[in-house]
Participant: 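Quick one: the structure is below, questions incoming.
Here is the naming used below: chain letters follow the sequence lines, and residue numbers restart at 1 for every chain.
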Amino acid sequence: MPELPEVETTVRILRPKVLGMNLLALQALDPALAPVAKLLPLPQPVQGLTRRGKYILFQLSEKLLVVHLRMSGRLAWHEKEPIPDHTRLILAFPHGAVLFIDPRRLGTVEVQDGFSEELGPDALGDLSFLEEALKESRAPIKVWLLDQRNIAGLGNIYAAEALFLAGIDPRRRASSLSPQEVSKLKAAIHQVLHEALAAMGTTLFDKTYRTPVGEAGDYEPRVYGREGLPCKVCGTPIERIELGGRGTYFCPHCQK
DNA sequence: TCATCCCTGTGG
DNA sequence: CCACAGGGATGA
C-alpha cells in the first residue's frame with residue numbers, strides 16, 4: 001500500500017501528536033512482535049518522527065524504533081474507539097496511542113541504535129544524480145525505479161505514474177534514456193509525488209490505505225490499475241504487463 | 001537478474 | 001478455485 005506520499009502523510013499527521021511525548025509502553029498483539037516490546041527500554045520521550053524512503057523513524061531518547069508498512073500496514077492514531085482488527089502493536093502514550101495495523105503481517109517494526117538501511121537518495125530531493133546513475137543500469141527503467149537502493153520512496157503506483165507523465169515506456173533500459181528524457185523523468189517524479197502528497201496519498205478500491213486519523217487519500221492514478229480503460233490523454237486502452245514480477249500499467253501510445 | 005517466499009484478504 | 005495485491009529479502 002504505502003509509498004512515499006502515504007508514509008510522509010502518516011508522519012506529518014502523527015508528528016504533532018507524539019513529538020515530545022513520553023512513549024510509555026509497547027503492547028504486542030502479534031506474538032511475532034513480542035521481541036520488539038521486550039527490547040525497548042521504556043518510558044522514553046519521542047524526540048523526532050521522520051521518514052527515510054518508506055521507513056518511519058520514531059527517534060526516542062535512547063533508541064530508534066523503525067517501522068516499515070510494506071504492503072498492507074498502516075499507523076493509526078487512537079484515543080478511545082475499540083481496537084480495530086489486525087492491530088499488531090500498540091504504542092501507548094499518556095493521551096492516546098499509535099496503532100500498527102497490518103492484515104498481511106508483512107510490515108516490520110525494529111529497535112535499532114542508528115538507521116542502517118541501504119537507501120538511495122530520497123525521491124523528493126535533488127534528482128540530478130539520475131543523469132549518471134541511469135547510465136549504469138541495463139534494467140528496465142521501471143524496475144530500476146522500484147529498487148530502493150537506487151532511489152528511495154517510489155513504489156509500484158508512482159513509478160508507473162511518473163513514467164506515464166514523462167512519456168517513457170516502462171520496459172526501456174535505464175541506460176537508454178536520453179538526457180532530455182531523464183530531465184522529463186525527474187520533473188515527472190516530483191510532480192507525481194507532490195500531487196499525491198497534496199491528496200494525502202492514494203486509496204484504491206480495496207480501501208486499505210487510510211491516514212492515521214482515518215481519511216482516504218484522493219490521488220487518482222492516471223494509469224495504475226486502469227487496464228483496458230482509455231488513456232486520459234489519448235484514449236488508447238491502458239495496458240498491463242509484468243515487469244520484475246510486478247503488474248505494470250502504461251499507455252502504449254503516450255509512452256515510447 | 002530472476003524466481004520464490006513472506007502472509008492474508010478480496011474479487012473474479 | 002485461482003489470480004492478484006501498494007514491498008522487499010533471499011538464494012540460485
Side-chain angles (χ1 to χ4, degrees), chain A residues 1-11 29-33 51-56 66-76 84-89 100-110 112 115-120 122-123 136-164 170-175 189 192-193 195-197 199-212 215-228 238-249:
Chain A
M1 150 192 21
E3 307 180 26
L4 186 153
E6 291 78 22
V7 175
E8 178 67 21
T9 299
T10 296
V11 164
L29 305 186
D30 182 341
L33 293 177
R51 177 190 63 77
R52 294 281 299 276
K54 301 177 200 171
Y55 289 85
I56 298 168
V66 181
V67 177
H68 198 300
L69 302 172
R70 295 285 184 97
M71 298 283 267
S72 64
R74 55 180 286 251
L75 295 182
D85 284 350
H86 311 302
T87 301
R88 307 296 176 193
L89 186 69
F100 174 55
I101 304 166
D102 187 15
R104 287 176 68 182
R105 301 170 60 207
L106 295 172
T108 57
V109 181
E110 293 177 67
Q112 297 180 5
F115 188 71
S116 60
E117 306 296 334
E118 288 179 30
L119 292 182
D122 197 88
E136 291 166 28
S137 173
R138 296 163 47 79
I141 181 62
K142 196 259 194 170
V143 172
W144 192 92
L145 291 172
L146 285 182
D147 189 331
Q148 303 300 298
R149 296 167 300 184
N150 295 328
I151 177 171
L154 294 177
N156 210 24
I157 294 179
Y158 301 113
E161 297 294 293
L163 287 169
F164 173 75
R171 298 165 289 193
R172 294 266 305 279
R173 291 185 190 283
S175 56
I189 289 170
V192 159
L193 293 179
E195 284 178 4
L197 271 173
M200 295 199 301
T202 304
T203 297
L204 296 175
F205 294 113
D206 65 9
K207 297 185 166 60
T208 55
Y209 166 71
R210 299 272 145 173
T211 72
E215 306 150 299
D218 293 328
Y219 182 85
E220 286 194 30
R222 293 169 170 87
V223 289
Y224 183 85
R226 300 191 66 246
E227 181 182 17
I238 299 301
E239 289 187 12
R240 179 189 185 278
I241 58 173
E242 193 121 325
L243 266 188
R246 318 286 304 275
T248 299
Y249 300 85

Participant: Is a donor on one side and an acceptor on the other found under 3.5 Å between the side chain of A:Arg210 and the backbone of A:Pro212?
Facilitator: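 The answer is no, because no donor-acceptor pair under 3.5 Å joins these two groups.
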
Participant: Give one of base, sugar-phosphate or nothing for A:Tyr219, where a contact means two heavy atoms less than 4.0 Å apart.
Facilitator: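 Since no nucleic acid heavy atom lies under 4.0 Å of A:Tyr219, the category is nothing.
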
Participant: Mark yes or no for whether A:Gln148, through its side chain, and A:Leu154, through its backbone, hold a donor-acceptor pair below 3.5 Å.
Facilitator: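 Yes.
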
Participant: Counting heavy atoms from C-beta on, name the nucleotide in C:dG6, B:dT1, C:dG8 closest to the side chain of A:Lys54.
Facilitator: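 Of the candidates, C:dG8 comes closest.
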
Participant: Atom OH of A:Tyr219 and atom CG of A:Leu197: how far apart are they, to the nearest 0.5 Å?
Facilitator: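 That separation rounds to 11.5 Å.
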
Participant: Given C:dG7, is OP1 or OP2 found less than 4.0 Å from the side-chain N or O atoms of A:Gln148?
Facilitator: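 No, no such contact exists.
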
Participant: Using the P atoms only, state how far B:dC7 lies from C:dG11, rounded to an integer number of Å.
Facilitator: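 Per the computed distance, 16 Å lies between those P atoms.
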
Participant: Report yes if at least one side-chain N or O of A:Arg246 is closer than 4.0 Å to OP1 or OP2 of C:dG6; otherwise report no.
Facilitator: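 Yes, because at least one side-chain N or O of A:Arg246 sits under 4.0 Å from OP1 or OP2 of C:dG6.
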
Participant: Please confirm whether the backbone N or O of A:Pro31 pairs with a side-chain atom of A:Arg88, one donor and one acceptor, at under 3.5 Å?
Facilitator: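 Not a single qualifying donor-acceptor pair exists.
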
Participant: Can you check each nucleotide of nucleotides 5-12 of chain B against protein heavy atoms at under 4.0 Å and return B for base, S for sugar-phosphate only, - for none, in 5' to 3' order?
Facilitator: -BBBS---

Participant: What is the separation between atom CG on A:Asn150 and atom P on C:dG7, rounded to the nearest whole Å?
Facilitator: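 Those two atoms, CG and P, are 15 Å apart.
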
Participant: Nearest-Å distance, CZ (A:Arg74) to P (C:dG7)?
Facilitator: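 One finds 17 Å between P of C:dG7 and CZ of A:Arg74, rounded.
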
Participant: Report the distance from atom CD of A:Glu117 to atom P of C:dT10, rounded to the nearest whole Å.
Facilitator: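 About 10 Å, once rounded to whole Å.
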
Participant: Would you say C:dG6 has OP1 or OP2 under 4.0 Å from some side-chain N or O of A:Tyr224?
Facilitator: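 Yes, A:Tyr224 has a side-chain N/O under 4.0 Å of OP1/OP2 on C:dG6.
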
Participant: Between the side chains of A:Arg70 and A:Asp102, is the shortest nitrogen-to-carboxylate-oxygen separation below 4.0 Å, so that they form an ion pair?
Facilitator: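 Here A:Asp102 does not pair with A:Arg70 in a salt bridge, since their nearest N and O are not under 4.0 Å apart.
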
Participant: Counting only side-chain N and O atoms of A:His68, is one of them less than 4.0 Å from OP1 or OP2 of C:dG7?
Facilitator: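 Indeed not, no polar side-chain atom of A:His68 lies that close.
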
Participant: Base, sugar-phosphate or nothing for A:Arg149? Non-hydrogen atoms, less than 4.0 Å.
Facilitator: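 Touches nothing.
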
Participant: For B:dC6 and C:dC1, measure between their C1' atoms and round to the nearest Å.
Facilitator: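 The answer is 22 Å between these two C1' atoms.
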
Participant: Grab the CD-P distance between A:Glu242 and B:dT1 for me, whole Å please.
Facilitator: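 After rounding, the gap between these two atoms is 17 Å.
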
Participant: Give the rounded distance in Å between these two atoms: OH of A:Tyr158 and C1' of C:dA5.
Facilitator: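 Computing the A:Tyr158:OH to C:dA5:C1' distance gives 15 Å.
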
Participant: Once pairs are restricted to Watson-Crick or G-U wobble with both distances under 3.5 Å, how does DNA chain B read as a dot-bracket string, [ ] for crossings and | for other-strand pairs?
Facilitator: ||||||.|||||

Participant: OP1 or OP2 of C:dG6 versus the side-chain N and O atoms of A:Tyr249: is any pair under 4.0 Å?
Facilitator: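 No.
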
Participant: What is the distance from CD of A:Glu118 to C1' of C:dT10, rounded to the nearest Å?
Facilitator: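 Value for this atom pair: 14 Å.
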
Participant: For B:dT1 versus C:dA5, give the span between their C1' atoms, rounded off to a whole number of Å.
Facilitator: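 One C1' to the other, the span is 23 Å.
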
Participant: In whole angstrom, give the distance that lies between atom CD1 of A:Ile101 and atom P of C:dG6.
Facilitator: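 After rounding, the gap between these two atoms is 21 Å.
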
Participant: Pick from A:Glu3, A:Lys142, A:Glu161: which one makes a side chain to side chain donor-acceptor pair (under 3.5 Å) with A:Asn156?
Facilitator: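 With A:Asn156 as partner, A:Glu3, A:Lys142, A:Glu161 yield a single side chain to side chain donor-acceptor pair (under 3.5 Å), made by A:Lys142.
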
Participant: Keeping the roles fixed (side chain from A:Thr248, backbone from A:Arg246), state whether a donor-acceptor pair exists under 3.5 Å.
Facilitator: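 Confirmed, A:Thr248 side chain pairs with A:Arg246 backbone.
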
Participant: Does A:Ser137 use its side chain to pair, donor to acceptor, with the backbone of A:Ala174 at less than 3.5 Å?
Facilitator: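 Checked: no pair found.
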
Participant: Would you say the side chains of A:Glu110 and A:Tyr55 form a donor-acceptor pair under 3.5 Å?
Facilitator: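 No.
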
Participant: From CG of A:Leu204 over to P of C:dG7, roughly how many Å is that when rounded to an integer?
Facilitator: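 The distance from CG of A:Leu204 to P of C:dG7 comes to 11 Å, rounded to the nearest Å.
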
Participant: A:Leu204 versus A:Ile157: any side-chain heavy-atom pair under 4.5 Å?
Facilitator: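 Of all side-chain heavy-atom pairs linking A:Ile157 with A:Leu204, at least one is under 4.5 Å.
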
